[in-house]
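Throughout, protein chains are lettered first and strands after them, A, B, ... in sequence-line order, and every chain is numbered starting at 1.
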Amino acid sequence: MRIVAHLDLDAFFAAVEELERPELARLPLVVGGDPRGRGVVATANYEARRYGIRSAMSCAEALRRCPDAVFLRPRHRTYSEYSRAVWAAVREVVPTVERTGLDEGYLDVGEVAEDFGRARVVAEAVQAAVRGATSLSCALGVASCKVVAKVASDRRKPGGITVVPAGREASFLAPFQVRLLPGVGPRAEARLAGAGIGLIGQLAALTDAELTRLLPGKVGRLLRERARGVDPRPLELTAKSVSIGHEETFERDVSDRERLHEELRRMAGRVAEHLVSSGQVARTVTTKLRYPDFAIRSRSTTLPAGCADGARIGEVACALLDRALADRPGALRLVGVSVSKLETHEQLALA
DNA sequence: TCTGGGGTCCTCCGCCTG
DNA sequence: TCTGCAGGCGGAGGACCC
């Protein structure tokens, strides 16, 4: 019997900060950007959420909602260390794991539990292991496939366990808002709402013709399958990254070409360091621009051979920036550089 | 509200080639 | 040699996720 669990650490960044600084534990706490700048909320603890503060909200808005909140900048290195400890503890209980982020992932519970009743016991053992190793709490959803497990893990937060027995997938999902289905973002939600479709059960019941009209292409068919609780995706145990990039939003929009080039060269250097440390080279360089009206433009080019040289990547990125600004001149809110078509040194040696 | 930074995947279009 | 077509690929953009 295939049984999958989705594990989600509760308010992860904020929970780590509370562990590191226990005096913050009962205060509204926001981890994210500068509340006087252009930053957004990465994570808010449950105390801050009582004021309506949510992830992805601008920090300025979070400050307006709760002027007494404590604002901290994210410390990714510290979170990575806690994350490593969490997943080591999880693997002591369930050896086969797919990490999808620092704070979440899927577990192959079928390996250690032969039925859904026993799966709950395994989920409790995972929670206890995580708490014992790190003092962090997590929520788990257990089901026959990834999408149902993921929706289930969100049901009882913080610290809960939700088990959806086999055969109950579609009826479990049906009453939830479509936006809770992974893959349905603001655009798809708006299109569905325009046709009076608000619940996952209604999405699951759409005819082919209705689906083609509302959500054409592969995406629509995939979302309707998921709404029906059908999701054959296996656990991905060896995730390899496809691209590496770096981008930054300026405090104030920048139009000075020299300054933009300088920033791009600096970011290209960081990207190249990342490439070198992972033993990879890249063939495609992409420069991204965001204008004050939030319009995004990107220009990319593919090099004849793989490259991990920061100066070379910077040079190409600057030329791409110039090309994009020739098409649409103006000040920029953000620039970024990323590389893709990655190859490892082993692959190059084989080629 | 006024929107970061790191990504992935999908779609569309134009170009090239057989 | 020209035309039409299909498929592959690169480039650009959009939607989404954490």
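The residue A/A42 sits apart from the nucleic acid: no heavy atom pair falls under 4.0 Å. As judged by a 4.0 angstrom heavy-atom cut-off over every strand, A/K288 is placed among residues making no nucleic acid contact.
Here the side chain of A/S241 is nearest to one of B/dT8, C/dA12, B/dT3, namely B/dT8. Nearest to the side chain of A/V219, among C/dC17, B/dC10, B/dG5, sits B/dC10. Distance from the side chain of A/T249 is smallest to B/dG4 among B/dG6, B/dG7, B/dG4. Taking every side-chain heavy atom of A/K341 into account, C/dG10 is the closest of B/dG6, C/dG10, C/dC18. For A/P186, the side-chain atoms get nearest to C/dC16 when compared with the rest of B/dT1, C/dC16, B/dT3. When each of B/dG7, B/dT1, C/dA12 is scored by its nearest atom to the side-chain atoms of A/I244, the top-ranked nucleotide is B/dG7. Among the nucleotides B/dT8, C/dG11, B/dG4, the one closest to any side-chain atom of A/V242 is B/dT8. Side chain of A/K150, nearest nucleotide from C/dG11, C/dC16, C/dC18: C/dC18. In this structure, of B/dT8, C/dA12, B/dT1, it is B/dT8 that holds the atom nearest to the side chain of A/S243. Each of B/dT8, C/dG11, B/dG6 was ranked by its minimum atom distance to the side chain of A/E247; first place goes to B/dG6.
Judged by a 6.0 Å distance limit and a 45° cone about the ring axis, A/R49 is positioned over the six-membered ring of A/Y46. A cation-pi arrangement is present between A/R155 and A/F176 under the rule of less than 6.0 angstrom and at most 45 degrees off the ring axis. In this structure, A/R259 satisfies the cation-pi test against A/F250, with its NZ or CZ atom closer than 6.0 Å to the six-membered ring centre and inside 45 degrees of the ring normal.
If A/G217 and A/F250 are placed on DNA chain B by their nearest nucleotide, the residue sitting closer to the 5' end is A/F250.
Neither OP1 nor OP2 of C/dC16 sits under 4.0 Å from any side-chain N or O of A/R187. Within the structure, every side-chain polar atom (N or O) of A/R290 is placed at least 4.0 Å from both OP1 and OP2 of B/dT3. OP1 and OP2 of B/dG5 both lie 4.0 Å or more from every side-chain N or O belonging to A/R38. OP1 or OP2 of B/dT3 lies within a sub-4.0 Å distance of a side-chain N or O belonging to A/R333. Contact annotation: A/R179 side-chain N/O to C/dC16 OP1/OP2 distance is not under 4.0 Å. Listed pair A/H246 / B/dG6 meets the phosphate criterion, a side-chain N or O lying under 4.0 Å from OP1 or OP2. For C/dA12, neither phosphate oxygen OP1 nor OP2 lies less than 4.0 angstrom from any side-chain nitrogen or oxygen of A/S298.
Between A/E61 and A/R65, at least one side-chain N (NZ, or NE/NH1/NH2) sits under 4.0 Å from a carboxylate O, which counts as a salt bridge.
A distance of about 23 Å separates the P atoms of C/dC18 and B/dT3, rounded to the whole Å.
The separation between A/Y291 atom OH and B/dT3 atom P is 19 Å, rounded to whole Å.
Each end of the helix from B/dG5-C/dC18 to B/dG18-C/dC5 yields a helix axis from five base pairs, and these two axes differ in direction by 10° (to the nearest 10 degrees).
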